Q: 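Before we start, here is the structure in question, set down as C-alpha cells.
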There are 2 protein chains.
Amino acid sequence: MLSNSSKYAIKAVLFLALNSKDNKKIMVKDISEPINVPQAYIAKLLQELSKKNIISSSRGPKGGFYLSNANMDNSLMDIINIIDGEKRLQACVLSLEKCNLEKPCPLHELVYPIKTKFIKVLQDRTIKEFSTLIKQGKVFLPF
Amino acid sequence: MLSNSSKYAIKAVLFLALNSKDNKKIMVKDISEPINVPQAYIAKLLQELSKKNIISSSRGPKGGFYLSNANMDNSLMDIINIIDGEKRLQACVLSLEKCNLEKPCPLHELVYPIKTKFIKVLQDRTIKEFSTLIKQGKVFLPF
DNA sequence: TCCTAAATATGATTTTTGTCATATTTTAAT
DNA sequence: ATTAAAATATGACAAAAATCATATTTAGGA
Ligand code: FES
Ligand code: FES
C-alpha cells in the first residue's frame with residue numbers, strides 16, 4: 001500500500017504539524033527520535049518534501065524544519081505522491097497493472113470501492129485537520 | 001499490501017484452478033506465459049506452494065502442477081501467508097508496527113474495518129469459489 | 001567578520017525483493 | 001534398462017528500497 005518511506009514522511013510531517021511553527025523550527029535530530037526513524041533517513045525525505053514545498057525549512061543556527069500555515073493545507077496524498085509516485089496506489093490487488101474496470105479481477109469488487117474512498121480521504125483532508133484530531137486526543141501518532 | 005510474489009502466486013493458483021485437474025497437469029512454461037510472469041520466477045513460487053501442500057505436482061514426463069480437490073478448498077490467505085509471511089497484512093498504515101487498537105493512528109478508523117473485512121474474505125473464500133466466479137465470467141484473471 | 005549550527009546535495013552501502021541459471025532427481029514411455 | 005521430460009534444489013545475479021556518511025552551503029550570533 002504505502003512504502004516505508006511514505007509512512008516515515010507522513011509521521012514526520014504530522015509531527016511537525018503538531019510541534020512546529022514559523023517561529024519554532026525543529027531540527028532533524030529532534031524529529032527523528034520521537035517518531036522513531038533513523039536520522040539520516042528522515043533527513044533525506046524531509047529535504048525532498050522541502051524542495052517540493054510541502055514543508056518549510058531554513059538553515060543555519062536556529063534553523064530547522066517547520067510547517068507554514070500554507071503548508072498546513074496540504075494533504076497526505078501530496079506527500080505520498082512525492083515519495084511513492086502516483087501509480088503505486090492505483091495498482092490492482094492481484095496484478096502489477098492498475099485496475100481494469102472492464103475486466104475486474106476476483107478481488108476488485110471487494111477492494112476498489114474502499115481503496116477509492118481511502119484515496120479520497122487522503123487527498124481531501126488537510127494536514128491541519130489531522131493535526132486537530134491528534135490534539136484532541138482522538139487519534140495518535142504512532143510511536 | 002501484497003508483494004509482487006504473492007500476486008504472481010495467486011494468479012498462478014487461480015489459473016491452475018481453472019485449467020488443471022488431477023489428470024490434467026500443467027507445466028510451468030504453460031502457466032507462466034498466460035499469466036505473464038517470468039517462467040523461472042513462477043517456478044520457484046510454485047515449488048514453494050507445492051512443498052507446503054497448497055498445490056500438487058508430479059515430475060517426469062506428463063508431469064506438472066495441478067490442484068487436487070483438497071487443494072481447491074484452500075484460501076488465498078494460505079498462499080499469502082506462505083509467500084509474504086503472516087505479519088505483513090497486519091501492519092498499521094502509518095507505521096511499521098501492527099495496529100495499536102488502544103492508540104489508533106489518524107487513518108486507523110478509515111482503514112482498519114475494511115482491512116479486517118479484506119482479510120476475512122481472503123481466508124473464508126476458497127479457491128474453488130473464486131474459480132467458479134471466473135468461470136461464470138463475473139470476474140477475470142488479470143492478464 | 002568569523003565561527004558555528006543547521007539544512008542540502010550527493011552518493012555509498014546494505015538489505016530486501018525480484019529474477020535468472022543450472023545441475024539433480026523423479027517418472028512415464030519406449 | 002534407457003531415454004527424455006518434467007519438477008526440485010540451490011544458489012547466483014540484478015534491481016529496488018532502505019539506510020548511512022560526508023562534504024558543502026547557508027544563516028544567525030559573538
Ligand atoms: S482489477 Fe484487481 S483490484 Fe481492480
Ligand atoms: S493504528 Fe494505524 S492503521 Fe491501525
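In what follows, every chain begins at residue 1, and chains take the letters A, B, ... in the order their sequences are listed. These figures come from a predicted structure and were not determined experimentally.
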Q: Closest to the Met27(B) side chain: dC20(D), dT8(C), dA6(D)?
A: dA6(D)
Q: Using the rule given for side chain to side chain contact (heavy atoms under 4.5 Å, CB included), can you reason through Phe15(A) versus Ile26(A), listing the C-alpha separation, both sets of side-chain angles and the distance that settles it, and then say yes or no?
A: CA-CA 10 Å; Phe15(A) 180 82; Ile26(A) 309 188; 4.2 Å; yes
Q: Mind checking if Tyr8(B) touches a base, just sugar-phosphate, or nothing, with heavy atoms under 4.0 Å?
A: sugar-phosphate
Q: Pick the closest DNA chain C nucleotide for Lys62(A) and for Gly60(B) by heavy atoms, then say which residue is nearer the 5' end.
A: Lys62(A)
Q: Looking only at side-chain atoms of Pro61(B), point me to the closest of dA18(D), dT27(C), dT4(C).
A: dT27(C)
Q: Is the side chain of Lys103(B) donor-acceptor paired with the backbone N or O of Phe140(A) at a distance under 3.5 Å, no angle test?
A: no
Q: Between dC20(D), dA7(C), dG11(D), which one does the side chain of Phe65(A) approach most closely?
A: dA7(C)
Q: Heavy-atom nearest nucleotide on DNA chain D for Leu46(B) versus Arg88(A): which residue maps closer to 5'?
A: Leu46(B)
Q: Can you measure Asp84(B) atom CG to dG18(C) atom C1' for me and round it to whole angstrom units?
A: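 Taking atom C1' of dG18(C) as the reference, CG of Asp84(B) is at 13 Å.
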Q: How many Å lie between CD on Gln47(B) and C1' on dT22(C), as a whole number?
A: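 Gln47(B) atom CD is separated from dT22(C) atom C1' by 12 Å.
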Q: Could you walk me through whether Ser58(B) and Tyr66(B) pass the side chain to side chain donor-acceptor pair (under 3.5 Å) test, one step at a time?
A: CA-CA 9 Å; Ser58(B) 77; Tyr66(B) 64 100; 5.8 Å; no
Q: Examine Leu133(B) and Leu14(B) and state if one hydrophobic cluster contains both, with Ile, Leu, Val, Met, Phe, Trp and Tyr joined whenever side-chain heavy atoms are less than 4.5 Å apart.
A: yes
Q: Ignoring backbone atoms, establish whether Ser5(B) has a side-chain N or O less than 4.0 Å from OP1 or OP2 of dG18(C).
A: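 Looking at the OP1 and OP2 atoms of dG18(C), one of them is under 4.0 Å from a side-chain N or O of Ser5(B).
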Q: Could you check which of dC20(C), dA9(C), dG18(C) has an atom nearest any side-chain atom of Pro38(B)?
A: dC20(C)
Q: Indicate whether OP1 or OP2 belonging to dA7(D) is found under 4.0 Å from a side-chain N or O atom of Ser58(B).
A: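 No, no such contact exists.
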Q: Where the side chain of Lys7(B) meets the backbone of Ser95(A), is there a donor-acceptor pair that is under 3.5 Å apart?
A: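 Side chain of Lys7(B) to backbone of Ser95(A): a pair is present.
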Q: Between Asn53(A) (CG) and dT8(C) (P), how many Å, whole number?
A: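 For the pair Asn53(A) CG and dT8(C) P, the rounded distance is 11 Å.
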Q: If I take atom NZ in residue Lys25(A) and atom P in nucleotide dT8(C), what distance separates them, rounded to the nearest angstrom?
A: 12 Å
Q: From C-beta outward on Val28(A), which listed nucleotide comes closest to its side chain: dG18(C), dA9(C), dA7(C)?
A: dA7(C)
Q: Which nucleotide in the list dA6(C), dA4(D), dT19(D) gets nearest to the side chain of Arg59(A)?
A: dA6(C)
Q: If you look at every strand shown and take non-hydrogen atoms under 4.0 Å, does Ile42(B) touch a base, only sugar-phosphate, or nothing?
A: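 Counting heavy atoms under 4.0 Å across all strands, no contact is made by Ile42(B).
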Q: Whole-Å distance between dC20(C) P and Gln39(B) CD?
A: 10 Å
Q: Any idea which of dG18(C), dT8(D), dG28(D) is nearest the Asn4(B) side chain?
A: dG18(C)
Q: Assess whether side chain to side chain donor-acceptor pair (under 3.5 Å) is satisfied between Tyr41(B) and Ser5(B), documenting all intermediate values.
A: CA-CA 9 Å; Tyr41(B) 192 10; Ser5(B) 293; 2.4 Å; yes
Q: What's the closest nucleotide to the Ser57(A) side chain, out of dA9(D), dT8(C), dT10(C)?
A: dT8(C)
Q: Can you measure Leu49(A) atom CG to dA7(C) atom P for me and round it to whole angstrom units?
A: 14 Å
Q: How would you label the contact of Ile83(B) with the nucleic acid (heavy atoms, under 4.0 Å): base, sugar-phosphate, or nothing?
A: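 Counting heavy atoms under 4.0 Å across all strands, no contact is made by Ile83(B).
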Q: Lys44(B) NZ to dC20(C) C1': how many Å, rounded?
A: 9 Å
Q: Can you tell me how far P of dA9(C) sits from CG of Leu45(A), to the nearest Å?
A: 14 Å
